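Sequence lines set the chain letters: A, B, ... in the order given, protein chains first and strands last, and positions in each chain run from 1. Model, not experiment: these values are computed from the prediction.
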There are 2 protein chains.
Amino acid sequence: MHMPRKQRRPRSKLSDVALRAGVSAVTVSRALRRPEMVSPQLRERIDSAIKDLAYIPNRAASILASSRSSVIGVVVSSLTNGVFADYLRALHDMFQPAGFQVMVLNSRYSPLEEEKAIVTLLGQRPEALILTDVDQTPYARELLEHAGIPIIQTMGLTDAPIDINIGISQYDAGSLATHHLIELGHRRIGILAARLDSRTRNRVAGYTDAMKQKGLHDEALLEWSAVPSTVKLGGELFSALLSRCPDLEAVFCGNDDLALGVLFECARRGIKVPEQMSVVGFNDLEFAASSCPALTSIAVPRHEMGRLSAEIVLEIIRGSGARPKTSRIDLGFKLALRDSTRMSAQRGLKV
Amino acid sequence: MHMPRKQRRPRSKLSDVALRAGVSAVTVSRALRRPEMVSPQLRERIDSAIKDLAYIPNRAASILASSRSSVIGVVVSSLTNGVFADYLRALHDMFQPAGFQVMVLNSRYSPLEEEKAIVTLLGQRPEALILTDVDQTPYARELLEHAGIPIIQTMGLTDAPIDINIGISQYDAGSLATHHLIELGHRRIGILAARLDSRTRNRVAGYTDAMKQKGLHDEALLEWSAVPSTVKLGGELFSALLSRCPDLEAVFCGNDDLALGVLFECARRGIKVPEQMSVVGFNDLEFAASSCPALTSIAVPRHEMGRLSAEIVLEIIRGSGARPKTSRIDLGFKLALRDSTRMSAQRGLKV
DNA sequence: TTGTAGGCGTTATCAG
DNA sequence: CTGATAACGCCTACAA
């Protein structure tokens with residue numbers, strides 16, 4: 001025997017409700033999960049007992065007994081970045097109606113925090129795990145491979161997916177943005193980046209190779225910072241870059257927030273966009289289409305990415321093991337061509 | 001007896017680890033939770049057994065047995081709104097180090113979805129519940145009052161807190177913003193709002209009363225929409241308002257995203273801010289200080305709100321029941337005076 | 001420092 | 001349609 005250990009009055013449980021309704025505990029449980037299997041009269045009595053006692057089922061007990069959690073674990077790199085917010089919304093929109101609960105943890109772009117988040121989530125015995133990154137720590141990878149549940153790696157693309165990989169080539173996207181600027185006739189094309197996480201690194205690599213290809217590469221054109229990206233930072237990085245490279249003609253920004261900062265900084269300095277400076281963002285967040293000038297950006301299909309991630313997960317869970325043929329799905333991206341970029345006045349012709 | 005019901009290979013459990021390490025299950029459990037209570041040699045054997053088996057404790061079982069979840073439930077009205085993202089970050093920063101897990105659910109500004117979220121969270125037997133709203137459904141309120149855990153209602157202020165209320169007066173904030181514009185000499189002051197949730201309604205009420213006080217009220221000056229607020233919407237609402245009230249001198253925007261949209265729309269139409277149009281935002285999001293022109297806004301202490309919410313919760317949990325004296329804490333707000341508002345040229349004097 | 005016993009609240013199974 | 005019973009995996013209390 002042992003004494004009760006909590007001073008808090010214990011919440012009412014199944015058996016309390018059963019007692020009050022004059023039925024057995026199982027019946028109450030059934031009335032909650034499969035009401036059609038319980039006679040209407042009993043159901044009514046049970047329902048009112050539940051209301052009276054403000055009864056709420058204990059999920060822990062339920063999960064333990066049924067060994068099904070209905071939890072979908074998600075690790076995002078950031079909560080403040082609009083891309084992830086949109087991606088999450090897509091996930092919610094798919095999973096909520098299907099009766100699954102989305103549980104989100106933030107890794108703040110840190111592989112170690114991501115590993116911790118993965119451990120935490122696996123502890124919940126989730127039905128699936130969704131990661132907004134493709135580079136996990138070896139230990140995390142090991143755990144994921146043993147998890148026995150669908151694992152989705154998104155946003156980026158990898159040659160060695162743990163399970164299923166849905167994303168876009170960040171390298172190609174960086175390359176496309178750069179080539180767009182090159183084709184407009186720009187030669188001094190800078191790049192702004194905050195926090196070089198794996199995705200950003202790939203974008204920068206795409207930029208760098210594109211520049212090298214055309215013999216335009218110059219270390220001085222890269223301006224980056226270790227702090228999280230903000231609008232303010234965009235302005236600051238741009239200012240720093242501009243003072244180092246006064247002949248700058250265009251900037252490719254690692255994301256739309258930075259680009260917004262550049263737009264404002266240009267306005268402040270009286271630099272006309274796109275006449276004197278072409279600006280390209282990344283992600284195509286909501287505001288990109290309605291800024292002034294409207295921002296040219298790389299449109300990342302984050303909503304479709306979320307929808308598809310969820311669709312595949314649900315298919316696997318329900319189809320009990322039917323995996324998609326391809327474990328690596330490239331969703332592609334597009335250049336959202338708008339008013340912040342245009343043909344260089346100096347040249348006026350394609351290279 | 002009964003047959004196993006799941007086809008998935010069962011994850012390894014405490015007893016598996018114990019077997020492999022040649023100790024008893026409790027010892028493994030202890031090695032995980034209080035390593036200092038286990039001898040170094042055993043600890044080592046246990047650790048390697050854990051690694052070998054990729055063992056991860058089953059949280060459900062742990063919660064059930066200990067009746068403590070270390071979960072802090074949070075319901076936010078939106079995941080895409082910057083205010084909540086910042087507030088959440090503050091919560092994470094406080095709770096994570098303290099060993100608590102923040103579990104976030106989204107109510108999308110709907111009281112009914114909030115109620116569902118509350119039920120879901122209560123099912124997790126959280127240690128505390130934090131709500132970013134003060135108006136709950138009667139049933140939700142009932143549940144919360146019976147929950148026996150600290151309940152924090154934030155963002156707004158209420159006369160009848162369920163437990164603890166930390167926030168600001170949205171009414172006063174709306175009033176302040178309006179008075180600011182009135183004092184600048186503006187008389188035709190419009191207001192833009194998306195989605196009239198309770199907080200926004202209070203802000204609008206603050207505006208309306210302020211306008212009435214000065215005899216400036218005019219229904220035509222209110223422009224709102226039921227859809228979520230976006231930058232684009234800001235521009236659209238502004239356009240609509242302007243075509244109805246061509247003599248508009250200033251706009252108070254329900255939030256900074258709308259204000260950003262107004263700024264862009266003004267730029268597009270060649271309306272000079274603040275010379276021809278004063279613009280006030282709400283929330284003082286990061287970009288407000290670095291936009292061009294810098295946006296005058298209402299600075300809401302969302303970070304402090306999060307910090308204090310967490311601090312109080314932790315105090316109650318650890319101090320086992322020591323509640324703060326006041327159950328209603330008004331954190332106040334400030335007018336972040338910047339470049340998007342200025343003295344009306346027509347009058348040039350205070351009213 | 002380590003092990004044994006019992007129970008946490010729910011669900012699956014099988015019997016009525 | 002309803003009820004009895006045995007798990008689910010771990011933790012608290014107590015004993016060794």
Choosing from [options], which nucleotide comes nearest the side chain of [X]?
| X | options | answer |
| --- | --- | --- |
| B:Ser62 | D:dC10, C:dA12, C:dT10 | D:dC10 |
| B:Thr27 | C:dG3, C:dG9, D:dG9 | C:dG3 |
| B:Val26 | C:dG3, D:dC10, C:dG9 | C:dG3 |
| B:Ala61 | D:dG9, C:dG9, C:dT11 | D:dG9 |
| A:Ser39 | C:dT1, D:dC1, D:dG3 | D:dC1 |

Exercise for the section: Could you tell me whether the side chains of A:Gln153 and A:Gln136 share a donor-acceptor contact shorter than 3.5 Å? Expected result: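 A donor-acceptor contact under 3.5 Å links the two side chains.
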
Exercise for the section: For the residue pair B:Ser198 and B:Tyr109, confirm or rule out a side-chain donor-acceptor distance under 3.5 Å. Expected result: no

side-chain N/O [X] vs [N] OP1/OP2, d < 4.0 Å:
| X | N | value |
| --- | --- | --- |
| B:Ser29 | D:dC11 | yes |
| B:Tyr55 | D:dC10 | yes |
| A:Ser67 | D:dC8 | no |
| A:Ser15 | C:dG9 | no |

Nearest-Å distance, [atom1] ([X]) to [atom2] ([N])?
| X | N | atom1 | atom2 | result |
| --- | --- | --- | --- | --- |
| B:Arg68 | C:dG9 | CZ | P | 14 Å |
| B:Ile50 | D:dC10 | CD1 | C1' | 14 Å |
| A:Ile56 | C:dT10 | CD1 | P | 11 Å |
| A:Leu19 | D:dG3 | CG | P | 12 Å |
| B:Leu64 | C:dT10 | CG | P | 9 Å |
| A:Leu42 | D:dC1 | CG | P | 11 Å |
| A:Leu14 | C:dA12 | CG | P | 12 Å |
| B:Arg30 | D:dA16 | CZ | C1' | 12 Å |

Practice task
State whether the distance check finds a donor on one side and an acceptor on the other, under 3.5 Å, for side chain B:Arg59 versus base D:dG9.
Solution key: no

Problem - Donor/acceptor link under 3.5 angstrom from A:Arg125 side chain onto base of D:dG9 - result: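 A donor-acceptor contact between them is absent.
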
Please work out if [X] contacts a base, only the sugar-phosphate, or nothing of the nucleic acid, heavy-atom cut-off 4.0 Å.
| X | value |
| --- | --- |
| B:Ile63 | nothing |
| A:Glu36 | sugar-phosphate |
| A:Arg33 | sugar-phosphate |
| A:Val38 | sugar-phosphate |

Practice task
Let me know, please, whether A:Asn58 or B:Ser24 comes out on the 5' side of the other along DNA chain C by nearest nucleotide.
Solution key: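 Final value for this comparison: B:Ser24.
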
Problem - Carboxylate-amine/guanidinium contact B:Arg307 B:Asp93, below 4.0 Å - result: no

Exercise for the section: Flag the pair B:Asp197 and B:Arg199 as a salt bridge only when some basic side-chain nitrogen lies within less than 4.0 angstrom of an acidic carboxylate oxygen. Expected result: yes

Exercise for the section: Find the distance between CG (B:Leu129) and CG (B:Leu122) and round it off to the nearest 0.5 Å. Expected result: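 B:Leu129 CG to B:Leu122 CG: 5.5 Å, rounded to 0.5 Å.
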
Exercise for the section: State whether the side chain of B:Thr27 and the backbone N or O of B:Val23 hold a donor-acceptor pair below 3.5 Å, judged by distance alone. Expected result: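 No.
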
